[in-house]
Novice: 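Below is a structure I'd like to ask you about.
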Amino acid sequence: MAAELPTPDTAKNVIFMLPDGASTAYLANYRYFKEGPDAPVWEPLLKGMVQTDSFNNPITDSAAGANAYATGVKTRNGSVGVDFFGNELKSVTDLASAAGKATGIVSTAAITDASPAAFGASNPLRGNQADIAQQYIGDNQLDVVLGAGRNQFTTESEGGTQPDGTDLFGLAEQQGMAYVSNAKELADFDGERVLGLFNNKDYLDAIGERPAEEPSLAQMTEVALDTLSKDKDGFVLFLEEENTDTFGHGNDAATTMHALSSFEASMQKVLEFQKANPDTLVVMVADHDTGGMTVQPTADASPAVFRDFTETAEGMAEQFDVANATSIRDTVAQYTGLTLSDDEITELQGNEDIPLALAELLSTKGGVEFTTTGHTALDVPVFAIGPGAGLFTGVQENSAVGQHVAEAMGLSLPLDQQDGGADRFAVTSLFDSAFGSIPAVGTVRNLVAQLDGEGLDGLADSLADLWSNLDNTEFLSSVLENTLDAAPDAAQLACWNGVLTGNGGDRGAVLLGISELPEHCEALLELPVADGDFSPIG
């Protein structure tokens, strides 16, 4: 028997695996779905739990959740690759590329969707997918891009979203990137850079017979690993199973279980690679919980029943005549092997949202119910193996996960992105009180760099010196107006004059105190997202 290779201290490669929305409940139900003697491959790798809140919301969306993992910084829901104010962030993908490593993103979603976008682009609005596609190609950084959503790369005259005259495929080819559009072309690919787009939809099929042109997540994973591992300096690869989230929103437990089966097949490929390459860190973690799934298996209703399903609830609902009980019964029996009762069909027919009602009904057949069609604030488990795996032990913020991924590679995110980017908000608030505007990203980084030593107090003292030629009333009037966006009244001036007198004339302390007023922080949190242009070829 060959001896196991020793685990190095630093990760040459990082494979970040994200089963979108698949919290502990999904993983527990999957164990019942799978049955048999073999536990899901991730179970021995459990390290800890991750808190999933975004910057200003206890319930994150996929954009903010992936942003925390990719950049180590919490942001507002709906943003990727930027902080709360729309300032661009560096990602672990950026760090890897700068270190000479290959990089890739793979998803069963449209590849420009929120989660992969956080690892490959920057945009204050996750819905700007055409811009995100331009950034993937125009930045010339990603070596592997595989997923759905071809229409985000094609032009408007071709039925896509890109302006006519924009040729992303031609640009990709100029940069040495082969384009493949179906499973066979992907299987035949043997180059060093690849763009693979396999349909125009928001996701690749999750259940039943796979369309011939669509590769499985495991097939995409295998090609991505073969391609990226050709780089002697290593690589960072993001892998996502999206359908756990898509069909969690639809309360379709059966399809989420089939999606997890797809994810496990992909992870099996990853763990085989990791075993042969112990300098590889593998991290698996969901971005949030979707649907508030319950775990209530019984002898008569276990997720194991879902193994016979071959169509989504939505797909079934599209095929039957809702006014015809026989049509409903026959269609459901065809794709699930289950026979609905007359009462169940009558109740189903009385619903306004037939696909959702059918999904909920069929989920109960496996002992599963949902509490919402949205996300929840539930913590999610994190699994890891390889160099740096111990960094993920215990309970930690989602932003800490991003910090640890960089740390495992022996790299560091910028100073202004440490500790979840907390200093970015503090210096932005202070800057706004001093100048009445939100600082640009370069200014933020310069201000954060000045925090060494005396911290915010020292920075506030430096900024307060700008008013050295003004008297106290003029100083307070200016700062309060910048902070509150309105001229202060006599009572406010008197109050802060009293504070200034009481602290011996320390203007820096007063500036800092005014910048931290609750009403100022609330106003900053209500600012609309910045409308920046991050497309390199727009």
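Any value given below was found using the heavy atoms of this structure, including those in side chains, with hydrogens, waters and symmetry copies removed. These numbers were taken from a predicted model, which means no experiment stands behind them.
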Novice: Could you tell me whether Asp38 and Lys34 have a side-chain N and a carboxylate O separated by less than 4.0 Å?
Specialist: no
Novice: For atom NZ of Lys230, is the number of surrounding heavy atoms from other residues, nucleotides or ligands below 6.0 Å larger than 12?
Specialist: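 Above 12, so yes.
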Novice: Assess whether side-chain hydrogen bond (donor to acceptor under 3.5 Å, both in side chains) is satisfied between Thr60 and Ser54, documenting all intermediate values.
Specialist: CA-CA 5 Å; Thr60 189; Ser54 62; 4.5 Å; no
Novice: In Å and rounded to the nearest 0.5 Å, what is the NE2 to CD1 distance from His288 to Ile59?
Specialist: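 If I round to the nearest 0.5 Å, the distance is 11.0 Å.
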Novice: How many angstroms lie between CD in Glu43 and OH in Tyr30, if you round to the nearest 0.5 Å?
Specialist: 10.5 Å
Novice: Checking Tyr69 against Phe119 for the ring-ring contact (aromatic ring centres under 6.0 Å, His included) test, could you report, in this order, the C-alpha distance in whole Å, the side-chain angles of both residues, the deciding distance, and whether it holds?
Specialist: CA-CA 8 Å; Tyr69 294 153; Phe119 282 80; 7.7 Å; no
Novice: Check whether any side-chain N or O of Asn128 sits under 3.5 Å from a backbone N or O of Asp131 as a donor-acceptor pair, and report yes or no.
Specialist: no
Novice: More than 12 heavy atoms of other residues, nucleotides or ligands under 6.0 Å from CG of Asp419: is that the case?
Specialist: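 Not more than 12 within 6.0 Å, no.
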Novice: Given side-chain hydrogen bond (donor to acceptor under 3.5 Å, both in side chains), test Gln134 with Gln162 step by step and report yes or no.
Specialist: CA-CA 9 Å; Gln134 288 189 18; Gln162 293 295 331; 2.9 Å; yes
Novice: Around atom NZ of Lys269, are there more than 12 heavy atoms from other residues, nucleotides or ligands closer than 6.0 Å?
Specialist: no
Novice: For the side chain of Gln175 and the backbone of Ile137, is there at least one donor-acceptor N/O pair under 3.5 Å apart?
Specialist: yes
Novice: Flag the pair Gln274 / Ile15 as yes when at least one side-chain heavy-atom distance between them is below 4.5 Å, and no otherwise.
Specialist: no
Novice: Does Thr221 reach the main-chain N or O of Leu217 with its side chain, forming a donor-acceptor pair under 3.5 Å?
Specialist: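 Yes; judged by distance alone, with no hydrogens or angles, the pair exists.
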Novice: Examine distances only and state if a side-chain atom of Tyr335 and a backbone atom of Gly208 form a donor-acceptor pair shorter than 3.5 Å.
Specialist: no
Novice: Specify whether Phe425 and Phe55 have parallel, tilted or perpendicular ring planes, treating 30° as the upper limit for parallel and 60° as the lower limit for perpendicular.
Specialist: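 Tilted.
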Novice: Take atom CD of Glu173 as the centre, draw a 6.0 Å sphere, and report whether it contains more than 12 heavy atoms from other residues, nucleotides or ligands.
Specialist: no
Novice: May I ask you to establish whether Lys275 and Phe273 are in a cation-pi arrangement, using a distance under 6.0 Å from NZ or CZ to the six-membered ring centre and at most 45° from the ring axis?
Specialist: no
Novice: Hey, mind stepping through Thr52 and Asn398 against side-chain hydrogen bond (donor to acceptor under 3.5 Å, both in side chains) and telling me if it holds?
Specialist: CA-CA 6 Å; Thr52 60; Asn398 50 10; 5.9 Å; no
Novice: Just verifying a value: how many Å separate Met49 CE and Gln51 CD, rounded to the nearest 0.5 Å?
Specialist: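 Rounded to the nearest 0.5 Å, the CE-CD separation comes to 9.5 Å.
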Novice: Is Arg76 positioned over the aromatic face of Phe84, cation under 6.0 angstrom from the ring centre and no more than 45 degrees off axis?
Specialist: yes
Novice: Does a side-chain N-to-carboxylate-O contact under 4.0 Å join Arg210 and Asp205?
Specialist: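 Salt bridge between Arg210 and Asp205, a charged N being under 4.0 Å from a carboxylate O: no.
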Novice: Can a donor-acceptor pair be found, under 3.5 Å and without considering hydrogens, that links the side chain of Asn251 to the backbone of Thr372?
Specialist: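 Judged by distance alone, yes, a pair lies under 3.5 Å.
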Novice: First locate atom CD of Glu214, then atom NZ of Lys201, and finally report the distance between them rounded to the nearest 0.5 Å.
Specialist: 5.0 Å
Novice: Mind running ring-ring contact (aromatic ring centres under 6.0 Å, His included) on His404 and Phe392 for me, showing each step along the way?
Specialist: CA-CA 7 Å; His404 294 326; Phe392 304 94; 5.8 Å; yes
Novice: Go through the side-chain N and O atoms of Glu241 and Thr108 and say whether any donor and acceptor fall under 3.5 Å apart.
Specialist: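 Per modelled atom types, Glu241 and Thr108 side chains form a pair under 3.5 Å.
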Novice: Donor-acceptor pair, Glu264 side chain versus Val41 backbone, under 3.5 Å?
Specialist: yes
Novice: Tell me, with the steps shown, if Ser62 and Asp287 meet side-chain hydrogen bond (donor to acceptor under 3.5 Å, both in side chains).
Specialist: CA-CA 6 Å; Ser62 291; Asp287 45 355; 3.1 Å; yes
Novice: At what distance, to the nearest 0.5 angstrom, does CD of Glu369 lie from CE of Met293?
Specialist: 11.5 Å
Novice: Under 6.0 Å from the CD atom of Glu213, do we count more than 12 heavy atoms belonging to anything else shown?
Specialist: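 Result for CD/Glu213: enclosed.
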Novice: Checking side-chain polar atoms at under 3.5 Å, does Asp94 have a donor or acceptor matched by the opposite partner on Ser91?
Specialist: yes
Novice: Closer than 4.0 angstrom, basic N to acidic O: yes or no for Lys74 and Asp83?
Specialist: no
Novice: Check whether more than 12 heavy atoms from other residues, nucleotides or ligands sit under 6.0 Å from atom NZ of Lys90, and answer yes or no.
Specialist: no
Novice: Closer than 4.0 angstrom, basic N to acidic O: yes or no for Asp113 and Arg126?
Specialist: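 Looking at Asp113 and Arg126, the cut-off is met.
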Novice: Of the non-hydrogen atoms in Asp143 and Ala102, which two are nearest, and what is the gap between them?
Specialist: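 Taking Asp143 first and Ala102 second, the nearest heavy atoms are OD2-CA, 3.2 Å.
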Novice: Is there a donor-acceptor pair under 3.5 Å between the side chain of Thr280 and the backbone N or O of Asn277?
Specialist: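 Side chain of Thr280 to backbone of Asn277: a pair is present.
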Novice: Could you report the tightest heavy-atom contact between Asn13 and Gly234, atom names first, then the distance?
Specialist: OD1-CA, 3.1 Å
Novice: If I take atom OG1 from residue Thr103 and atom CG from residue Leu237, how far apart are they, to the nearest 0.5 angstrom?
Specialist: 9.5 Å
Novice: Yes or no on ring-ring contact (aromatic ring centres under 6.0 Å, His included) for Phe33 and Phe306, after CA distance, side-chain angles and deciding distance?
Specialist: CA-CA 7 Å; Phe33 170 84; Phe306 299 144; 7.1 Å; no
Novice: Report, as yes or no, whether the 6.0 Å neighbourhood of atom OH on Tyr32 holds more than 12 heavy atoms from other residues, nucleotides or ligands.
Specialist: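 Counting other residues, nucleotides and ligands, OH of Tyr32 stays at 12 neighbours or fewer.
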Novice: For the residue pair Leu186 and Phe198, establish whether any side-chain heavy-atom pair is separated by less than 4.5 Å.
Specialist: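 Heavy-atom side-chain distance check passes, below 4.5 Å.
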Novice: Please tell me whether Gln152 and Thr112 have a donor and an acceptor in their side chains that are separated by less than 3.5 angstrom.
Specialist: no
Novice: Output yes when a side-chain donor or acceptor of Glu192 lies under 3.5 Å from a complementary backbone atom of Thr227, and no otherwise.
Specialist: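 Not a single qualifying donor-acceptor pair exists.
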Novice: Just by modelled atom types, is the Ser181 backbone N or O under 3.5 Å from a matching donor or acceptor in the Glu185 side chain?
Specialist: yes
Novice: Assess, by modelled atom type and distance only, whether the side chains of Asn123 and Gln135 contain a donor and an acceptor separated by less than 3.5 Å.
Specialist: no
